[in-house]
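Just so it is clear: chains get the letters A, B, ... in the order the sequence lines come, proteins before strands, and each one is counted from 1. No hydrogens, no waters, no symmetry mates; every other heavy atom, side chains included, goes into these values. A quick note: this is a predicted structure, and the numbers were derived from the prediction, not measured.
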2 protein chains.
Amino acid sequence: MKAPRDISNDLLESLRSLGLTKYEALVYIGLLRMTGATATEVHETSGVPRASVYPVLDRLVQKELVSVSHTTPKRFDAIPPGQGIENLMRRIENDAESARTALDRLYREKRPEARGSQELIWTIYGEENIRARLAGMFLSAERRVEMLVAQNLLREHVLALLEPVPDSVRVDIVTDTWKGEQPSRFRVRTHPLGAYPETHAPPGKGLRHESSGVFLVDDARALVWMGSSGEQPSALYSESAGLVQFVRRYLNSVTEWVAAAGQ
Amino acid sequence: MKAPRDISNDLLESLRSLGLTKYEALVYIGLLRMTGATATEVHETSGVPRASVYPVLDRLVQKELVSVSHTTPKRFDAIPPGQGIENLMRRIENDAESARTALDRLYREKRPEARGSQELIWTIYGEENIRARLAGMFLSAERRVEMLVAQNLLREHVLALLEPVPDSVRVDIVTDTWKGEQPSRFRVRTHPLGAYPETHAPPGKGLRHESSGVFLVDDARALVWMGSSGEQPSALYSESAGLVQFVRRYLNSVTEWVAAAGQ
DNA sequence: TAAATGTTGTTGTTAAAAAAACAACAAGGT
DNA sequence: ACCTTGTTGTTTTTTTAACAACAACATTTA
C-alpha cells in the first residue's frame, strides 16, 4: 500500500475494535478530509488500492459511515464522526444485548455449584470484577466482616459496597487514616499501615499498602486485593481453609499491633 | 473442530462483533455451563482443540471474561455474562470515545465545502442519518419549510425536529390525517394521500406513502424520504436546481389537488 | 469525426496476515 | 509404566490486502 500519511496506529486499532478493517478505517479517515470525492480521489488520499476502494466504500455505506451521490462518477461523503460512530455503536450494542440474553439463558442452566469449588484460590483481574466479587461477599455476610485496607481504596471502591450489609453483622475496619467523625455503623481503627513490620520482606519491597486490602467475611471467605500501581489491579479470592486461615492470622496480628500501639 | 454442540450462529456473530474470535466465543460459552473446569474439560465441552485452549483462555483472562485458580492443574471459571459483557463493552466504548476525539480533530480541519457539492444528489441510508440531515435542514431554514409526509412518519420522526424552527419561518404540512386540534404554529392540511393519482405508476405499485415523505426548505434544499417497509430506510438529499425544481412542482400539484378537493 | 487517450467501475488472481487445526514432547503426577 | 497437563512448533484454512487486466464510457486531439 502507498503512504497512508501519518495515521496514528492507535486510531486504526480503535476503529478496528469497532468492527472496521484497516482499509475501511483508512478510507473513512481519508473521506473525512474531503467533500464529495470520487472513488479515485478516495484512493489517492487514503492510499488504498483503487480497485479495493469500491468494495470498501460499499461496506462503509452499509455501515452507515458514508453517503453516495447519484452522479456519474459516483461521489462519496463521510458521515460526520459523531454520528458515524454512534451508528457503529448502535449495532454493537444491539449485539451485546442479544448476546447477553442468549448467554444468560445458558448460564442459568448451570447446575448450581456442583463440585467443591471451595478449595480453590481464584485470581480475579480488573477492578470491576473485583468489586463485583466483593459486593457478593458483603451481601452474603451473616455475622462478621473484617478488613484491613488502605484509606484511598476504602473510600473510592469499598465503602459504597458496604451499604447493604445489615446491622446484625459486625464490621471491623482497619485503615491508615480517617477524616471526619467515626461512623457508628462500623468499628473503625486507624493505624499507619506502612509502619507495620513486613517480617519476611526485604526493605523497600514490602507489600505496598497504597492500593491494597485484605477482606474476610464470616471467617469463611477471603479476598486479597492487590493494586499494582498504574497497572490493572488483581485479587485473590478463596473459600479454602488454608487461605482463610492465613488471612485470619494476618488480621489478628495486625489488630494486636494496633491495639498495642495504644490507640 | 469437533462438535461445538448447538451454538446458534447468531450468538457467535454477536460475540465476534464484541471482539472475540470463534474460539474465544466457544470457550467462554462452554465455560458458562461449568464451574471450575480444567483446561481439558474446557476442551471437551467447547470442541476447541486442547492445545488451542490454553492461549485462548489466556486471552479471555486478559479480556476479563474468565478467572483462574491457583491450583495445579489450573481451573477456570467464567465471569457471569452480565458482568463479562459489560467488561467487553467498557473497552469498546473507550475505543469509540478516543476514536471520536481523534476523528473530530481531522474532521474540523476540512476546508469548509470547497467544491460545489450543491449539484449532487446524495443517498442517505439509515433512519438516524436521515433524521440528522432533516434536523440540519430545518435548523437552516430562513423563510419556509414545506412537507408532504405520511402521518405516522410525521408523528414518530419529524415533528420533534421542527422544534427549533423560529416563528418567522412558515411551515406547511400536508399529511393524510390529523388527530386533535390544529396547531397554530404550522399550517396543516390533511388529505387522503393514497387517493392522489400516481400518474405514471402501475396500480398497486405506486409510491407507498406509508412511510415516505417529501421535504423542501427555502426552495433550495430538498429531501425525499423513502421508507421501504421493514427494510432500512433511505433518502435522497439535494441542493441541485434539478431535484429542487422537481420537488417544487410535485408539492405544487399536490397542494392544488388538496385545495380543489375542497377542504 | 475518428483515432487516441484517459477514467470509471468490475472481475479475477496472487500475496500476506490472522485464525484454526494438528503433531509432538517435556514435566510431573498416579 | 502410564496418563494428564502445559508448551512449542508446523500445517491448513479463512480473511484481508494487493495487484493485474479489461470493458464501458467519456474526453481530448488530429
Any protein N or O atoms within reach of nucleotides 6-9 of chain C? Criterion: under 3.5 Å, listing atom names and distances.
| from | atom 1 | to | atom 2 | distance (Å) |
| --- | --- | --- | --- | --- |
| C:dT8 | OP1 | A:Thr40 | OG1 | 3.4 |
| C:dT8 | OP2 | A:Thr40 | OG1 | 2.3 |
| C:dG9 | OP1 | A:Lys74 | N | 2.9 |
| C:dG9 | OP2 | A:Tyr54 | OH | 3.4 |
| C:dG9 | N7 | A:Arg50 | NH1 | 2.9 |
| C:dG9 | O6 | A:Arg50 | NH2 | 2.9 |

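- Using a 4.5 Å heavy-atom threshold, the side chains of A:Ile92 and A:Leu18 count as touching.
- Rounding to whole angstrom units, CG of residue B:Leu15 and P of C:dA19 are separated by 16 Å.
- Between the side chain of A:Gln83 and the main chain of A:Pro80, no donor-acceptor pair closer than 3.5 Å is present.
- In this entry the distance linking CD of B:Glu24 with C1' of C:dA18 reads 12 Å, nearest Å.
- Rounded to a whole Å, the NZ atom of B:Lys22 is 14 Å from the C1' atom of C:dA18.
- Each of A:Pro55 and A:Arg16 lies near DNA chain C, and the nucleotide nearest A:Pro55 is the one positioned closer to the 5' end.
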* **Verdict with reasoning, B:Met137 to B:Tyr237, per side chain to side chain contact (heavy atoms under 4.5 Å, CB included)** => CA-CA 10 Å; B:Met137 287 173 69; B:Tyr237 170 80; 3.6 Å; yes

* **Stepwise side chain to side chain contact (heavy atoms under 4.5 Å, CB included) check, A:Asn94 with A:Arg91** => CA-CA 5 Å; A:Asn94 281 346; A:Arg91 293 184 175 226; 5.7 Å; no

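- In this structure, CD of A:Glu13 is placed 13 Å from C1' of C:dA18, rounded to the nearest angstrom.
- Between the NE2 atom of B:His43 and the P atom of C:dC22 there is a distance of 10 Å, rounded to whole Å.
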Just the atom pairs and distances: protein N or O near nucleotides 9-14 of chain D's N or O, under 3.5 Å.
none

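- With salt bridges taken as basic N to acidic carboxylate O contacts below 4.0 Å, none links A:Glu24 and A:Arg16.
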* Asked: Is there a side chain to side chain contact (heavy atoms under 4.5 Å, CB included) between A:Val66 and A:Asp77 once you walk through the steps?
  -> CA-CA 5 Å; A:Val66 321; A:Asp77 213 0; over 6 Å; no

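- Distance, A:Leu20 CG to D:dA17 P: 11 Å, rounded to whole Å.
- A:Trp225 and A:His157 have parallel rings, their planes meeting at less than 30° on a 0 to 90° scale where 60° marks the start of perpendicular.
- Scanning for side-chain hydrogen bond (donor to acceptor under 3.5 Å, both in side chains) contacts around B:Glu97 gives B:Arg100, with sequence neighbours left out.
- If you check the side chains of B:Asn129 and B:Arg133, you find no donor sitting under 3.5 Å from an acceptor.
- Proximity of B:Thr21 to the phosphate of C:dA20: a side-chain N or O atom is located under 4.0 Å from OP1 or OP2.
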